[in-house]
Amino acid sequence: MTIIEDPLKLISLLKKYKTKHKKMGLVPTMGALHEGHASLFQISAAENDITIASIFVNPIQFNNPVDLEKYPRTLDKDIEILEKAGCNVLFAPSQEVMYPSRPLIKVDFGSLEEIMEGKFRPGHFNGVAIIVAKLFNIVQPDNAYFGQKDLQQYLVIRQMVKDLSFQISIKACPIIREADGLAMSSRNMRLGTETRKIAPKIKEALDLGTKLLLQYPPTLVKEKVKDFVANVSELELEYFEIADSETLAPVNNVKEHKGIALCIAAHLDGVRLIDNILLIS
Ligand code: PAF
């Protein structure tokens with residue numbers, strides 16, 4: 001695997017692949033890689049001739065400085081995972097090279113960011129959109145891969161690609177879970193031994209919501225799921241939403257929607273975790 005820090009060197013390497021009409025897949029990450037990421041690299045490697053991963057902890061998408069500071073950084077282990085998963089190129093730029101000065105552009109995704117992550121992390125999707133657009137411009141891949149765990153991020157990026165006419169297919173890849181149901185996340189490694197045992201309650205809350213949705217209207221399901229989480233004293237619920245899986249509009253009548261997403265964010269031991277389940281009819 002070739003490791004490159006300089007965007008211009010990456011552009012010149014990729015030019016060689018492009019002239020040979022190689023199909024290229026990009027997997028943007030912030031490092032601290034786990035099996036969930038590995039599945040993205042494997043899907044990209046199967047669908048493209050060349051897979052490029054990026055590792056960049058993007059400061060402008062963190063609205064909480066403590067979260068940024070505590071974000072795990074595990075480059076040596078990441079390189080091993082990337083090599084095993086069949087990645088060809090790692091782009092790992094410095095902050096100075098990506099942001100010689102703080103970007104002034106502001107991106108607003110309207111109704112797509114009025115709830116959930118957009119509501120609770122002001123400016124988050126502005127930061128995500130800027131870094132992803134920069135990576136798209138540098139790499140110019142045919143395909144780009146994102147995890148469904150960050151469902152709202154996937155929808156926002158898909159919208160950006162449509163609105164700005166990027167010639168890139170955006171692919172959402174399934175959530176990879178631990179044996180006890182916890183969605184894999186770089187943040188899981190910050191959980192203590194005891195709190196790690198509680199973390200699967202987040203997925204249990206989603207499963208409960210899914211089951212209840214067969215019998216009760218969404219407003220009542222939301223109440224019951226909130227009660228379930230409130231009974232787990234260590235968990236502090238930030239949101240539980242039942243939303244249309246494409247527009248993220250709130251679901252009032254299940255029958256009116258083809259796809260429904262149950263989405264949750266909760267704090268556990270100072271770690272913010274998110275998860276979701278998609279119900280497609
Ligand atoms: O999902 C992530 O890891 C980040 O939000 C992304 C897409 C790499 C942008 O920094």
Side-chain angles (χ1 to χ4, degrees), residues 4-5 7 10 25-41 43-44 51-65 67-75 77-78 81-82 85 87 89-95 97-99 102-103 105 107 109 112-113 116-118 120-139 141 143-161 164 166 168-176 183-190 263 265 271-276:
I4 298 183
E5 291 174 21
L10 180 64
L26 170 67
V27 186
T29 82
M30 297 202 298
L33 304 178
H34 49 70
E35 280 176 50
H37 292 110
S39 77
L40 303 183
F41 307 130
I43 295 170
S44 172
T51 289
I52 303 117
S54 63
I55 294 183
F56 180 68
V57 181
N58 178 32
I60 66 164
Q61 73 183 69
F62 287 82
N63 57 324
N64 177 350
D67 199 21
L68 171 62
E69 190 195 317
K70 289 200 172 157
Y71 201 86
R73 286 146 173 100
T74 56
L75 188 61
K77 193 171 154 249
D78 291 352
I81 292 176
L82 288 165
C87 185
V89 181
L90 167 61
F91 178 48
S94 67
Q95 281 202 28
V97 88
M98 290 310 270
Y99 298 120
R102 206 175 165 91
I105 187 171
V107 192
F109 290 96
L112 265 188
E113 66 168 318
M116 305 196 303
E117 298 302 290
F120 288 93
R121 303 180 71 189
H124 172 64
F125 287 122
N126 179 61
V128 169
I130 290 172
I131 192 62
V132 171
K134 281 165 92 82
L135 291 168
F136 283 177
N137 281 324
I138 292 167
V139 177
N143 300 303
Y145 298 81
F146 297 88
Q148 183 213 302
K149 186 171 74 64
D150 295 290
L151 176 69
Q152 195 173 14
Q153 168 171 278
Y154 159 72
L155 293 173
V156 155
I157 291 168
R158 203 180 62 171
Q159 188 68 38
M160 177 182 78
V161 162
L164 298 181
F166 280 105
I168 301 170
S169 289
I170 303 302
K171 315 250 183 168
C173 305
I175 298 176
I176 307 295
M184 290 200 184
S185 163
S186 307
R187 289 186 162 90
N188 293 353
M189 60 180 83
R190 286 173 51 201
C263 304
V271 183
R272 185 176 185 277
L273 299 170
I274 62 170
D275 198 355
N276 67 76

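Model, not experiment: these values are computed from the prediction. As the structure lists them, so they are numbered: ligands from 1, and atoms in each ligand from 1. Because only heavy atoms are used, hydrogens play no part in the values below, and waters and symmetry mates are left out as well, while side chains stay in. Along the sequence shown, the residues carry numbers beginning at 1.
Ring pair F166/F136 is perpendicular by interplanar angle, where above 60° counts as perpendicular and below 30° as parallel.
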Are any protein N/O atoms closer than 3.5 Å to the N/O atoms of ligand 1? If there are, list each pair with names and the distance to one decimal place.
residue  : atom   : partner : partner atom : Å
ligand 1 : 1 (O)  : Q153    : NE2          : 2.8
ligand 1 : 5 (O)  : Q61     : NE2          : 2.9
ligand 1 : 5 (O)  : Q153    : OE1          : 2.6
ligand 1 : 10 (O) : Q61     : OE1          : 2.6

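Interatomic distance, OG1 of T29 versus CG of L135, reported as 9.5 Å (0.5 Å rounding). Here L33 contributes atom CG and F41 contributes atom CZ; the two are 4.5 Å apart, rounded to the nearest 0.5 Å.
In this structure, the side chain of Q153 does not engage the main chain of F125 through any donor-acceptor pair within 3.5 Å.
Counting only heavy atoms from C-beta outward, the side chains of I274 and E117 approach each other to under 4.5 Å. The shortest side-chain heavy-atom distance between F109 and L155 does not fall under the 4.5 Å cut-off.
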